[in-house]
2 protein chains.
Amino acid sequence: MSVENPRERVLEAAGEIFAEKGFKGATVREIIDRADVNIAAVNYYFRDKERLYIEAVKHVACVDADEHLAWPRGTPAADKLADFIRYHVARLLDPHKPAWHARLMMRELSQPSDACTELVREYIEPKSKILGGILEELLPEGTPRSRRALTAFSIMGQILFYSTHKPIVSLLMGEQDDPYADTKVLADHIVRFTLRALAQPEA
Amino acid sequence: MSVENPRERVLEAAGEIFAEKGFKGATVREIIDRADVNIAAVNYYFRDKERLYIEAVKHVACVDADEHLAWPRGTPAADKLADFIRYHVARLLDPHKPAWHARLMMRELSQPSDACTELVREYIEPKSKILGGILEELLPEGTPRSRRALTAFSIMGQILFYSTHKPIVSLLMGEQDDPYADTKVLADHIVRFTLRALAQPEA
DNA sequence: ATTTGTATCAAACAGATGTTTGAAAGTCAA
DNA sequence: TTGACTTTCAAACATCTGTTTGATACAAAT
(Lines give C-alpha, C1' and ligand atoms only; values in the text may rest on other atoms or scores of the structure.)
Protein backbone atom coordinates (compact mmCIF):
# COMPACT_ATOMS: atom_id res chain seq x y z
CA MET A 1 0.00 0.00 0.00
CA SER A 2 3.04 2.21 -0.33
CA VAL A 3 2.27 3.57 -3.79
CA GLU A 4 2.31 7.35 -3.98
CA ASN A 5 -0.41 7.56 -6.60
CA PRO A 6 -3.63 7.90 -4.58
CA ARG A 7 -5.80 6.49 -7.31
CA GLU A 8 -3.78 3.30 -7.35
CA ARG A 9 -3.74 3.12 -3.57
CA VAL A 10 -7.53 3.15 -3.55
CA LEU A 11 -7.59 0.52 -6.28
CA GLU A 12 -5.32 -1.82 -4.33
CA ALA A 13 -7.14 -1.36 -1.04
CA ALA A 14 -10.48 -1.83 -2.75
CA GLY A 15 -9.30 -5.06 -4.35
CA GLU A 16 -8.21 -6.54 -1.06
CA ILE A 17 -11.36 -5.62 0.80
CA PHE A 18 -13.76 -6.52 -2.00
CA ALA A 19 -12.00 -9.87 -2.27
CA GLU A 20 -12.37 -10.49 1.44
CA LYS A 21 -15.91 -9.26 2.03
CA GLY A 22 -17.63 -9.01 -1.33
CA PHE A 23 -19.22 -5.93 -2.87
CA LYS A 24 -21.92 -5.41 -0.26
CA GLY A 25 -19.76 -6.40 2.66
CA ALA A 26 -17.03 -3.92 1.86
CA THR A 27 -17.58 -0.29 2.83
CA VAL A 28 -16.02 2.68 1.07
CA ARG A 29 -14.97 4.05 4.44
CA GLU A 30 -12.93 0.94 5.20
CA ILE A 31 -11.37 1.14 1.75
CA ILE A 32 -10.40 4.81 1.90
CA ASP A 33 -9.21 4.22 5.43
CA ARG A 34 -6.79 1.52 4.31
CA ALA A 35 -5.74 3.54 1.27
CA ASP A 36 -5.24 6.54 3.55
CA VAL A 37 -7.09 9.01 1.35
CA ASN A 38 -10.10 11.24 1.81
CA ILE A 39 -13.49 9.68 1.23
CA ALA A 40 -14.24 12.05 -1.61
CA ALA A 41 -11.44 10.43 -3.60
CA VAL A 42 -13.66 7.51 -4.61
CA ASN A 43 -16.13 9.90 -6.19
CA TYR A 44 -13.35 11.99 -7.70
CA TYR A 45 -11.46 9.11 -9.28
CA PHE A 46 -14.16 6.50 -9.83
CA ARG A 47 -17.54 8.25 -9.65
CA ASP A 48 -19.07 5.69 -7.25
CA LYS A 49 -18.57 2.42 -5.40
CA GLU A 50 -19.73 0.25 -8.26
CA ARG A 51 -17.33 1.76 -10.77
CA LEU A 52 -14.57 1.41 -8.21
CA TYR A 53 -15.41 -2.27 -7.92
CA ILE A 54 -15.32 -2.74 -11.67
CA GLU A 55 -12.01 -0.92 -11.96
CA ALA A 56 -10.56 -2.95 -9.09
CA VAL A 57 -11.45 -6.20 -10.80
CA LYS A 58 -10.09 -5.01 -14.11
CA HIS A 59 -6.94 -3.85 -12.38
CA VAL A 60 -6.02 -7.23 -10.90
CA ALA A 61 -7.03 -8.99 -14.10
CA CYS A 62 -4.73 -6.65 -15.99
CA VAL A 63 -1.83 -7.15 -13.58
CA ASP A 64 -2.26 -10.92 -13.49
CA ALA A 65 -2.61 -11.24 -17.23
CA ASP A 66 1.02 -10.22 -17.59
CA GLU A 67 2.28 -13.29 -15.80
CA HIS A 68 2.05 -15.92 -18.47
CA LEU A 69 3.02 -19.53 -18.44
CA ALA A 70 5.18 -20.61 -21.35
CA TRP A 71 7.23 -23.71 -22.07
CA PRO A 72 10.05 -24.46 -24.49
CA ARG A 73 9.03 -26.30 -27.63
CA GLY A 74 8.79 -30.02 -27.21
CA THR A 75 7.88 -29.98 -23.54
CA PRO A 76 5.70 -33.04 -22.83
CA ALA A 77 2.06 -32.13 -22.34
CA ALA A 78 1.96 -33.98 -19.03
CA ASP A 79 4.76 -31.77 -17.73
CA LYS A 80 2.92 -28.67 -18.87
CA LEU A 81 -0.21 -29.80 -17.10
CA ALA A 82 1.73 -30.44 -13.91
CA ASP A 83 3.25 -26.98 -14.12
CA PHE A 84 -0.12 -25.43 -14.80
CA ILE A 85 -1.67 -27.08 -11.75
CA ARG A 86 1.28 -26.33 -9.47
CA TYR A 87 1.33 -22.72 -10.61
CA HIS A 88 -2.31 -22.15 -9.80
CA VAL A 89 -2.27 -24.01 -6.51
CA ALA A 90 0.67 -21.89 -5.42
CA ARG A 91 -1.02 -18.74 -6.67
CA LEU A 92 -4.18 -19.49 -4.70
CA LEU A 93 -2.80 -21.06 -1.57
CA ASP A 94 0.81 -20.18 -1.00
CA PRO A 95 0.73 -18.20 2.25
CA HIS A 96 3.62 -16.08 1.02
CA LYS A 97 1.65 -14.78 -1.95
CA PRO A 98 -1.31 -12.46 -1.72
CA ALA A 99 -4.28 -14.63 -2.55
CA TRP A 100 -6.78 -11.83 -2.89
CA HIS A 101 -6.17 -11.34 -6.59
CA ALA A 102 -7.51 -14.76 -7.41
CA ARG A 103 -10.17 -14.56 -4.71
CA LEU A 104 -11.58 -11.35 -6.10
CA MET A 105 -11.81 -12.85 -9.55
CA MET A 106 -13.39 -16.07 -8.34
CA ARG A 107 -15.95 -14.06 -6.43
CA GLU A 108 -16.74 -12.10 -9.54
CA LEU A 109 -17.14 -15.30 -11.55
CA SER A 110 -19.65 -16.79 -9.14
CA GLN A 111 -21.74 -13.63 -8.96
CA PRO A 112 -20.93 -11.75 -12.12
CA SER A 113 -21.35 -8.00 -12.33
CA ASP A 114 -20.55 -5.60 -15.14
CA ALA A 115 -16.87 -6.28 -14.55
CA CYS A 116 -17.29 -9.87 -15.67
CA THR A 117 -17.10 -9.37 -19.41
CA GLU A 118 -13.71 -7.71 -19.32
CA LEU A 119 -12.46 -10.13 -16.70
CA VAL A 120 -13.29 -13.04 -18.93
CA ARG A 121 -11.69 -11.46 -21.97
CA GLU A 122 -8.51 -10.35 -20.23
CA TYR A 123 -7.95 -13.16 -17.78
CA ILE A 124 -10.13 -16.23 -18.05
CA GLU A 125 -10.05 -16.67 -21.80
CA PRO A 126 -6.21 -16.67 -22.00
CA LYS A 127 -5.89 -19.13 -19.13
CA SER A 128 -8.61 -21.23 -20.65
CA LYS A 129 -6.73 -21.30 -23.92
CA ILE A 130 -3.55 -22.47 -22.21
CA LEU A 131 -5.27 -25.31 -20.39
CA GLY A 132 -7.30 -26.15 -23.48
CA GLY A 133 -4.14 -26.39 -25.54
CA ILE A 134 -2.51 -28.74 -23.06
CA LEU A 135 -5.57 -30.96 -23.01
CA GLU A 136 -5.71 -31.01 -26.78
CA GLU A 137 -2.26 -32.58 -26.76
CA LEU A 138 -3.05 -34.89 -23.90
CA LEU A 139 -6.46 -36.20 -24.89
CA PRO A 140 -6.87 -38.63 -27.80
CA GLU A 141 -7.39 -37.05 -31.18
CA GLY A 142 -10.99 -36.51 -32.07
CA THR A 143 -12.09 -35.78 -28.52
CA PRO A 144 -14.97 -33.31 -28.84
CA ARG A 145 -14.61 -29.73 -27.66
CA SER A 146 -17.26 -30.16 -24.99
CA ARG A 147 -15.43 -33.13 -23.50
CA ARG A 148 -12.22 -31.10 -23.34
CA ALA A 149 -14.09 -28.32 -21.58
CA LEU A 150 -15.56 -30.67 -18.99
CA THR A 151 -12.11 -32.07 -18.35
CA ALA A 152 -10.73 -28.57 -17.86
CA PHE A 153 -13.47 -27.86 -15.32
CA SER A 154 -12.66 -31.07 -13.49
CA ILE A 155 -9.12 -29.79 -13.08
CA MET A 156 -10.01 -26.22 -12.12
CA GLY A 157 -12.69 -27.51 -9.77
CA GLN A 158 -10.14 -29.47 -7.81
CA ILE A 159 -7.77 -26.52 -7.59
CA LEU A 160 -10.38 -23.95 -6.64
CA PHE A 161 -12.00 -26.16 -4.04
CA TYR A 162 -9.08 -25.77 -1.68
CA SER A 163 -9.21 -22.03 -2.09
CA THR A 164 -12.92 -21.41 -1.64
CA HIS A 165 -13.52 -24.04 1.01
CA LYS A 166 -10.33 -23.65 2.96
CA PRO A 167 -12.09 -23.53 6.35
CA ILE A 168 -13.90 -26.80 5.93
CA VAL A 169 -10.84 -28.54 4.54
CA SER A 170 -8.77 -27.54 7.56
CA LEU A 171 -11.54 -28.63 9.86
CA LEU A 172 -12.07 -32.04 8.29
CA MET A 173 -8.41 -32.91 7.91
CA GLY A 174 -7.31 -31.76 11.32
CA GLU A 175 -4.13 -30.00 12.28
CA GLN A 176 -1.67 -32.83 11.85
CA ASP A 177 -2.35 -33.25 8.11
CA ASP A 178 -3.27 -29.64 7.32
CA PRO A 179 -2.68 -29.56 3.55
CA TYR A 180 -2.08 -25.82 3.54
CA ALA A 181 1.12 -26.30 5.49
CA ASP A 182 2.70 -27.74 2.35
CA THR A 183 0.94 -26.79 -0.83
CA LYS A 184 3.31 -28.92 -2.87
CA VAL A 185 1.82 -32.11 -1.47
CA LEU A 186 -1.58 -30.74 -2.41
CA ALA A 187 -0.56 -29.82 -5.93
CA ASP A 188 1.08 -33.20 -6.40
CA HIS A 189 -2.09 -34.96 -5.38
CA ILE A 190 -4.12 -33.03 -7.93
CA VAL A 191 -1.51 -33.64 -10.62
CA ARG A 192 -1.47 -37.38 -9.98
CA PHE A 193 -5.25 -37.65 -9.69
CA THR A 194 -5.69 -35.80 -12.95
CA LEU A 195 -2.99 -37.57 -14.92
CA ARG A 196 -4.40 -40.94 -13.88
CA ALA A 197 -7.84 -39.86 -14.99
CA LEU A 198 -6.43 -38.87 -18.36
CA ALA A 199 -4.17 -41.88 -18.76
CA GLN A 200 -6.93 -44.20 -19.95
CA PRO A 201 -9.30 -42.13 -22.00
CA GLU A 202 -11.73 -44.98 -22.60
CA ALA A 203 -12.17 -47.26 -19.63
CA MET B 1 -43.89 -20.25 1.34
CA SER B 2 -47.37 -21.50 2.16
CA VAL B 3 -46.66 -22.66 5.71
CA GLU B 4 -49.01 -21.18 8.27
CA ASN B 5 -46.42 -21.06 11.02
CA PRO B 6 -44.92 -17.58 10.71
CA ARG B 7 -41.66 -18.53 12.35
CA GLU B 8 -41.08 -21.21 9.74
CA ARG B 9 -42.12 -18.87 6.94
CA VAL B 10 -39.43 -16.42 8.01
CA LEU B 11 -36.91 -19.25 8.26
CA GLU B 12 -37.63 -20.42 4.71
CA ALA B 13 -37.61 -16.96 3.19
CA ALA B 14 -34.41 -16.10 5.04
CA GLY B 15 -32.75 -19.25 3.74
CA GLU B 16 -33.55 -18.47 0.14
CA ILE B 17 -32.43 -14.86 0.32
CA PHE B 18 -29.32 -15.50 2.38
CA ALA B 19 -28.37 -18.20 -0.10
CA GLU B 20 -28.79 -15.85 -3.02
CA LYS B 21 -27.25 -12.69 -1.63
CA GLY B 22 -25.19 -13.63 1.39
CA PHE B 23 -25.54 -12.30 4.92
CA LYS B 24 -24.73 -8.68 4.18
CA GLY B 25 -26.52 -8.59 0.87
CA ALA B 26 -29.80 -9.83 2.29
CA THR B 27 -31.98 -7.32 4.11
CA VAL B 28 -34.43 -8.19 6.84
CA ARG B 29 -37.06 -6.14 5.06
CA GLU B 30 -36.81 -8.26 1.94
CA ILE B 31 -37.00 -11.40 4.06
CA ILE B 32 -40.06 -10.38 6.06
CA ASP B 33 -41.60 -9.13 2.86
CA ARG B 34 -41.29 -12.52 1.20
CA ALA B 35 -42.40 -14.30 4.35
CA ASP B 36 -45.32 -11.87 4.57
CA VAL B 37 -44.90 -11.06 8.25
CA ASN B 38 -44.29 -7.91 10.20
CA ILE B 39 -40.71 -6.78 10.56
CA ALA B 40 -40.82 -7.12 14.34
CA ALA B 41 -41.22 -10.85 13.89
CA VAL B 42 -37.50 -11.33 13.32
CA ASN B 43 -36.79 -9.76 16.69
CA TYR B 44 -39.65 -11.62 18.33
CA TYR B 45 -38.71 -15.05 17.04
CA PHE B 46 -34.95 -14.78 16.51
CA ARG B 47 -33.71 -11.73 18.45
CA ASP B 48 -31.70 -10.31 15.52
CA LYS B 49 -30.53 -10.82 11.94
CA GLU B 50 -27.48 -12.81 12.90
CA ARG B 51 -29.42 -15.35 14.97
CA LEU B 52 -31.92 -15.61 12.16
CA TYR B 53 -29.09 -16.46 9.79
CA ILE B 54 -27.74 -19.11 12.11
CA GLU B 55 -31.16 -20.65 12.57
CA ALA B 56 -31.77 -20.58 8.82
CA VAL B 57 -28.57 -22.49 8.15
CA LYS B 58 -29.30 -24.99 10.90
CA HIS B 59 -32.80 -25.40 9.52
CA VAL B 60 -31.76 -26.47 6.04
CA ALA B 61 -28.96 -28.62 7.44
CA CYS B 62 -31.52 -30.34 9.63
CA VAL B 63 -33.98 -30.87 6.80
CA ASP B 64 -31.32 -32.10 4.41
CA ALA B 65 -29.74 -34.41 6.93
CA ASP B 66 -32.85 -36.57 6.78
CA GLU B 67 -32.28 -37.53 3.17
CA HIS B 68 -29.65 -40.16 3.43
CA LEU B 69 -28.04 -42.29 0.81
CA ALA B 70 -28.02 -45.98 1.56
CA TRP B 71 -27.29 -49.06 -0.50
CA PRO B 72 -28.10 -52.75 -0.09
CA ARG B 73 -25.28 -54.88 1.25
CA GLY B 74 -22.83 -56.01 -1.37
CA THR B 75 -23.29 -53.06 -3.70
CA PRO B 76 -19.99 -52.49 -5.53
CA ALA B 77 -18.14 -49.44 -4.25
CA ALA B 78 -17.85 -48.03 -7.75
CA ASP B 79 -21.64 -48.07 -8.07
CA LYS B 80 -22.00 -46.33 -4.75
CA LEU B 81 -19.57 -43.66 -5.81
CA ALA B 82 -21.45 -43.12 -9.05
CA ASP B 83 -24.70 -42.79 -7.13
CA PHE B 84 -23.10 -40.41 -4.66
CA ILE B 85 -21.83 -38.16 -7.43
CA ARG B 86 -25.07 -38.26 -9.42
CA TYR B 87 -27.09 -37.51 -6.31
CA HIS B 88 -25.10 -34.40 -5.47
CA VAL B 89 -24.90 -33.12 -9.01
CA ALA B 90 -28.66 -33.39 -9.27
CA ARG B 91 -29.14 -31.81 -5.87
CA LEU B 92 -26.98 -28.82 -6.83
CA LEU B 93 -27.86 -28.37 -10.46
CA ASP B 94 -31.15 -29.95 -11.35
CA PRO B 95 -33.33 -27.00 -12.34
CA HIS B 96 -36.37 -28.76 -10.95
CA LYS B 97 -34.96 -28.87 -7.45
CA PRO B 98 -34.43 -25.84 -5.23
CA ALA B 99 -30.68 -25.37 -5.16
CA TRP B 100 -30.61 -22.78 -2.41
CA HIS B 101 -30.28 -25.35 0.36
CA ALA B 102 -26.91 -26.44 -0.89
CA ARG B 103 -25.94 -22.94 -1.93
CA LEU B 104 -26.57 -21.57 1.53
CA MET B 105 -24.44 -24.26 3.07
CA MET B 106 -21.62 -23.84 0.60
CA ARG B 107 -21.64 -20.12 1.26
CA GLU B 108 -21.41 -20.79 4.95
CA LEU B 109 -18.50 -23.16 4.45
CA SER B 110 -16.46 -20.63 2.49
CA GLN B 111 -17.04 -17.85 4.99
CA PRO B 112 -17.88 -19.61 8.22
CA SER B 113 -19.89 -17.90 10.92
CA ASP B 114 -21.15 -19.21 14.23
CA ALA B 115 -23.51 -21.47 12.32
CA CYS B 116 -20.61 -23.44 10.91
CA THR B 117 -19.98 -25.75 13.84
CA GLU B 118 -23.47 -27.16 13.86
CA LEU B 119 -23.60 -27.29 10.08
CA VAL B 120 -20.48 -29.42 10.03
CA ARG B 121 -21.77 -31.71 12.75
CA GLU B 122 -25.24 -32.19 11.31
CA TYR B 123 -24.54 -32.18 7.60
CA ILE B 124 -20.94 -32.24 6.47
CA GLU B 125 -19.64 -34.89 8.81
CA PRO B 126 -22.29 -37.47 7.83
CA LYS B 127 -21.78 -36.84 4.12
CA SER B 128 -18.05 -36.95 4.65
CA LYS B 129 -18.40 -40.30 6.40
CA ILE B 130 -20.39 -41.74 3.50
CA LEU B 131 -17.89 -40.64 0.88
CA GLY B 132 -15.00 -41.66 3.12
CA GLY B 133 -16.51 -45.12 3.51
CA ILE B 134 -16.86 -45.56 -0.23
CA LEU B 135 -13.28 -44.49 -0.80
CA GLU B 136 -12.06 -46.84 1.89
CA GLU B 137 -13.50 -49.70 -0.13
CA LEU B 138 -12.28 -48.32 -3.41
CA LEU B 139 -8.73 -47.33 -2.56
CA PRO B 140 -6.06 -49.97 -1.94
CA GLU B 141 -5.72 -51.13 1.64
CA GLY B 142 -3.25 -49.14 3.67
CA THR B 143 -3.97 -45.86 1.93
CA PRO B 144 -3.41 -43.18 4.58
CA ARG B 145 -6.32 -41.16 5.92
CA SER B 146 -4.93 -37.93 4.51
CA ARG B 147 -4.76 -39.41 1.00
CA ARG B 148 -8.40 -40.51 1.27
CA ALA B 149 -9.36 -37.01 2.35
CA LEU B 150 -7.57 -35.38 -0.57
CA THR B 151 -9.32 -37.77 -2.93
CA ALA B 152 -12.67 -36.87 -1.42
CA PHE B 153 -11.93 -33.19 -1.98
CA SER B 154 -10.97 -33.88 -5.59
CA ILE B 155 -14.43 -35.35 -6.07
CA MET B 156 -16.36 -32.67 -4.21
CA GLY B 157 -14.32 -29.97 -5.93
CA GLN B 158 -15.44 -31.17 -9.31
CA ILE B 159 -19.08 -31.32 -8.26
CA LEU B 160 -19.16 -27.95 -6.54
CA PHE B 161 -17.34 -26.17 -9.34
CA TYR B 162 -20.34 -26.38 -11.61
CA SER B 163 -22.54 -24.98 -8.87
CA THR B 164 -20.45 -22.05 -7.72
CA HIS B 165 -19.10 -21.06 -11.10
CA LYS B 166 -22.18 -21.68 -13.16
CA PRO B 167 -22.02 -18.35 -15.00
CA ILE B 168 -18.49 -18.81 -16.28
CA VAL B 169 -19.13 -22.41 -17.29
CA SER B 170 -22.11 -21.37 -19.38
CA LEU B 171 -20.11 -18.58 -20.91
CA LEU B 172 -17.10 -20.67 -21.82
CA MET B 173 -19.03 -23.62 -23.19
CA GLY B 174 -21.53 -21.66 -25.21
CA GLU B 175 -25.20 -22.39 -25.66
CA GLN B 176 -25.01 -25.42 -27.85
CA ASP B 177 -23.11 -27.52 -25.29
CA ASP B 178 -24.58 -25.95 -22.15
CA PRO B 179 -23.97 -28.71 -19.60
CA TYR B 180 -26.79 -27.55 -17.37
CA ALA B 181 -29.32 -28.56 -19.98
CA ASP B 182 -28.61 -32.18 -19.14
CA THR B 183 -27.04 -32.70 -15.74
CA LYS B 184 -26.77 -36.43 -16.36
CA VAL B 185 -24.05 -35.90 -18.95
CA LEU B 186 -22.26 -33.76 -16.44
CA ALA B 187 -22.56 -36.29 -13.65
CA ASP B 188 -21.41 -39.06 -15.95
CA HIS B 189 -18.33 -37.10 -16.90
CA ILE B 190 -17.38 -36.62 -13.25
CA VAL B 191 -18.05 -40.27 -12.50
CA ARG B 192 -15.85 -41.46 -15.36
CA PHE B 193 -13.09 -38.95 -14.65
CA THR B 194 -13.03 -39.99 -11.01
CA LEU B 195 -13.24 -43.73 -11.54
CA ARG B 196 -10.37 -43.59 -14.02
CA ALA B 197 -8.30 -41.61 -11.54
CA LEU B 198 -8.96 -44.26 -8.91
CA ALA B 199 -8.49 -47.23 -11.19
CA GLN B 200 -4.70 -47.20 -11.07
CA PRO B 201 -3.79 -46.14 -7.57
CA GLU B 202 -0.05 -46.11 -8.25
CA ALA B 203 0.95 -44.97 -11.69
C1' DA C 1 -0.02 38.49 -10.78
C1' DT C 2 -3.91 36.41 -12.55
C1' DT C 3 -6.21 32.71 -14.21
C1' DT C 4 -7.33 27.99 -14.87
C1' DG C 5 -7.54 23.33 -13.79
C1' DT C 6 -6.38 19.68 -10.52
C1' DA C 7 -6.35 17.60 -6.10
C1' DT C 8 -7.62 17.23 -1.21
C1' DC C 9 -10.34 17.95 2.66
C1' DA C 10 -13.95 18.26 6.47
C1' DA C 11 -18.57 18.37 6.75
C1' DA C 12 -23.03 17.35 5.75
C1' DC C 13 -26.83 14.91 3.29
C1' DA C 14 -30.10 11.44 2.07
C1' DG C 15 -31.42 7.01 2.06
C1' DA C 16 -31.14 2.31 3.61
C1' DT C 17 -31.02 -0.88 7.31
C1' DG C 18 -31.04 -3.34 11.84
C1' DT C 19 -33.47 -2.77 15.86
C1' DT C 20 -36.82 -1.26 19.40
C1' DT C 21 -41.07 0.39 21.27
C1' DG C 22 -45.61 0.49 23.04
C1' DA C 23 -49.98 -0.34 21.90
C1' DA C 24 -53.57 -3.34 19.91
C1' DA C 25 -55.44 -7.81 18.89
C1' DG C 26 -55.91 -12.41 19.79
C1' DT C 27 -55.86 -16.76 22.78
C1' DC C 28 -56.95 -19.40 26.50
C1' DA C 29 -57.56 -20.87 31.13
C1' DA C 30 -59.79 -19.83 35.63
C1' DT D 1 -65.84 -11.71 32.44
C1' DT D 2 -61.40 -11.30 34.13
C1' DG D 3 -56.62 -11.70 33.81
C1' DA D 4 -52.36 -13.34 32.06
C1' DC D 5 -49.96 -14.49 28.19
C1' DT D 6 -48.75 -14.65 23.34
C1' DT D 7 -48.67 -12.71 18.88
C1' DT D 8 -49.00 -8.93 15.50
C1' DC D 9 -48.56 -4.33 14.07
C1' DA D 10 -47.29 0.54 12.60
C1' DA D 11 -44.21 3.73 13.81
C1' DA D 12 -40.08 5.51 15.24
C1' DC D 13 -35.12 5.25 16.39
C1' DA D 14 -30.22 5.03 15.85
C1' DT D 15 -26.68 3.90 13.13
C1' DC D 16 -24.32 2.87 9.00
C1' DT D 17 -23.20 3.93 4.34
C1' DG D 18 -22.91 5.85 -0.37
C1' DT D 19 -22.70 10.25 -2.09
C1' DT D 20 -22.27 15.31 -2.60
C1' DT D 21 -20.93 19.84 -1.48
C1' DG D 22 -18.23 23.93 -1.11
C1' DA D 23 -14.06 25.55 0.46
C1' DT D 24 -9.11 25.39 0.25
C1' DA D 25 -4.50 24.42 -1.35
C1' DC D 26 -1.54 23.57 -5.09
C1' DA D 27 0.44 23.70 -9.72
C1' DA D 28 1.03 25.20 -14.24
C1' DA D 29 0.05 28.29 -17.87
C1' DT D 30 -1.09 33.06 -19.62
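In what follows, chains are A, B, ... by sequence order, proteins preceding strands, each numbered from 1. Please read these numbers as outputs of a predicted model, since none were measured by experiment. Reckoned from all heavy atoms, side chains included, excluding hydrogens, waters and symmetry mates.
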Which pairs of donor and acceptor atoms, one on a side chain in residues 127-140 of chain A, lie under 3.5 Å apart (sequence neighbours left out)?
residue: A:E137; atom: OE2; partner: A:K80; partner atom: NZ; Å: 2.9

- Counting only side-chain N and O atoms of B:N43, is one of them less than 4.0 Å from OP1 or OP2 of C:dT20? yes
Which donor-acceptor pairs under 3.5 Å do side chains of residues 158-168 of chain B form with protein atoms, sequence neighbours excluded?
residue: B:Q158; atom: OE1; partner: A:S154; partner atom: OG; Å: 2.7
residue: B:Q158; atom: NE2; partner: B:S154; partner atom: O; Å: 3.3
residue: B:Q158; atom: NE2; partner: B:T194; partner atom: OG1; Å: 3.3
residue: B:Y162; atom: OH; partner: A:L150; partner atom: O; Å: 3.4
residue: B:T164; atom: OG1; partner: B:L160; partner atom: O; Å: 3.1

- Once you round it to whole Å, what is the distance between P of D:dT8 and CZ of B:F46? 12 Å
- Sequence neighbours excluded - ring-ring contact (aromatic ring centres under 6.0 Å, His included) pairs with any residue from residues 37-63 of chain A: A:F18-A:Y53, A:F23-A:Y53
- Nearest to the side chain of B:I39, which nucleotide is it out of D:dT20, D:dT8, C:dT20? C:dT20
- Query: Is a donor on one side and an acceptor on the other found under 3.5 Å between the side chain of A:N38 and the backbone of A:A41?
  - Reply: no
- Across all chains, not counting sequence neighbours, the side-chain hydrogen bond (donor to acceptor under 3.5 Å, both in side chains) partners of A:D36 are none
- Query: What pairs with A:E30 under side-chain hydrogen bond (donor to acceptor under 3.5 Å, both in side chains), at least two apart in sequence or on another chain?
  - Reply: A:K21
- Sort and list the pairs that fulfil side-chain hydrogen bond (donor to acceptor under 3.5 Å, both in side chains) and have at least one residue in residues 171-188 of chain B, not counting sequence neighbours. B:R86-B:D188
- Note on the structure: Among the nucleotides D:dA10, C:dT20, D:dG18, whichever has the atom closest to the side chain of B:N38 is D:dA10
- Item | For atom CG of A:D48 and atom C1' of C:dA16, their distance in whole Å | 16 Å
- Note on the structure: From CG of B:L52 across to P of C:dT20 the rounded distance in Å is 14 Å
Identify all pairs in which a protein N or O lies below 3.5 Å from an N or O of nucleotides 26-28 of chain D, and state each distance.
none

- Measure the distance from NZ on B:K49 to C1' on D:dA14 and round it to the nearest whole Å. 16 Å
- Specify the residues of residues 22-33 of chain B, ordered by number, for which at least one heavy atom lies under 4.0 angstrom from an atom of DNA chain C. B:A26, B:T27, B:V28, B:R29
Identify each donor-acceptor pair in which a side-chain atom of residues 112-120 of chain A lies under 3.5 Å from a protein atom, sequence neighbours left out, and give them as a table.
residue: A:S113; atom: OG; partner: A:E108; partner atom: OE1; Å: 3.2
residue: A:S113; atom: OG; partner: A:E108; partner atom: OE2; Å: 3.0
residue: A:S113; atom: OG; partner: A:A115; partner atom: N; Å: 3.2
residue: A:E118; atom: OE2; partner: A:K58; partner atom: NZ; Å: 3.1

- Message: Rounded to whole Å, please give me the gap between CZ in A:R51 and P in D:dT20.
- Response: 11 Å
- salt bridge (Lys or Arg N to Asp or Glu O under 4.0 Å) involving B:R91 - partner list, sequence neighbours excluded: B:D64
- Would you mind classifying the nucleic acid contact of B:Y45 as base, sugar-phosphate or nothing, using non-hydrogen atoms under 4.0 angstrom? sugar-phosphate
- Message: So, using ring pair (Phe, Tyr, Trp, His ring centres under 6.0 Å) as the criterion, who are the partners of B:F84 when residues are at least two apart?
- Response: B:H88
- Item | Rounded distance (Å) that lies between atom P of C:dA7 and atom CZ of A:R7 | 11 Å
- Message: I need the NZ-P distance between B:K21 and C:dG18, as an integer number of Å.
- Response: 12 Å
Nucleotide N/O of nucleotides 22-24 of chain C paired with protein N/O under 3.5 Å:
none

- Item | A:A26 versus A:I17, closest heavy-atom pair with distance | CB-CG2, 3.5 Å
- Item | Flag, side chain of A:Q111 to backbone of B:E20, donor-acceptor distance under 3.5 Å | yes
- Query: Roughly, in whole Å, what's the span from OH in A:Y53 to P in D:dG18?
  - Reply: 14 Å
